Amino acid sequence: MEGTSAGFRKQVGAGQSLSCWSQELVSKLLHLHFKDDKTKVSGDALLLIAQLLKVFVVEATVRSIRQAQAEDLPCVDVEQLEKVLPQLLLDF
């Protein structure tokens with residue numbers, strides 16, 4: 001069981017660029033929650049937040065896979081994500 005999620009972590013986490021999290025997407029997500037429209041975010045901050053989002057999503061995926069494996073389920077569903085999300089949020 002452990003080997004499957006570890007292999008997933010290696011495939012997704014190692015060597016993948018931030019291209020899946022474009023700066024434009026991260027900027028739009030941030031600006032949706034800013035109260036002042038004049039708020040600006042530097043390019044370095046966008047890269048840092050994109051990396052944080054990537055780590056968060058990969059970790060949520062891995063933990064959901066482990067939860068599904070612990071329940072002897074063949075695939076991950078929203079229920080497994082809901083079970084691991086509280087601890088994941090506390091860890092971040």
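Nothing here was measured: the structure is a model prediction, and the numbers come from that model.
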Check: Val41 main-chain N/O paired with His31 side-chain donor or acceptor under 3.5 Å
no
Side chain to side chain donor-acceptor pair (under 3.5 Å) pairs touching residues 40-50, sequence neighbours excluded, are none
[atom1] of [X] to [atom2] of [Y]: how many Å apart, nearest 0.5 Å?
X: Arg63; Y: Gln80; atom1: CZ; atom2: CD; answer: 15.0 Å
X: Leu85; Y: Leu88; atom1: CG; atom2: CG; answer: 6.0 Å
X: Ser64; Y: Leu81; atom1: OG; atom2: CG; answer: 4.5 Å

Applied to residues 37-68, the ring-ring contact (aromatic ring centres under 6.0 Å, His included) test, sequence neighbours excluded, yields Phe56-Phe92
Contacts satisfying ring-ring contact (aromatic ring centres under 6.0 Å, His included) that involve residues 59-88 (not counting sequence neighbours) are none
Sequence neighbours excluded, the answer for salt bridge (Lys or Arg N to Asp or Glu O under 4.0 Å) partners of Glu71 is Lys83
In short, Asp36 meets Thr39 closest at the heavy-atom pair O-OG1, 3.0 Å
Verify the neighbour count for atom CD of Gln87: are there more than 12 heavy atoms of other residues, nucleotides or ligands below 6.0 Å?
-> yes
Original post:
With a 4.5 Å limit on heavy-atom distance, are the side chains of Asp77 and Leu73 in contact?
Top reply: no
Taken in chain and number order and not counting sequence neighbours, the residues that satisfy side-chain contact (heavy atoms from CB on, under 4.5 Å) with Ile49 are Val26, Leu30, Leu53
Applying side-chain contact (heavy atoms from CB on, under 4.5 Å) to Asp37 and not counting sequence neighbours gives none
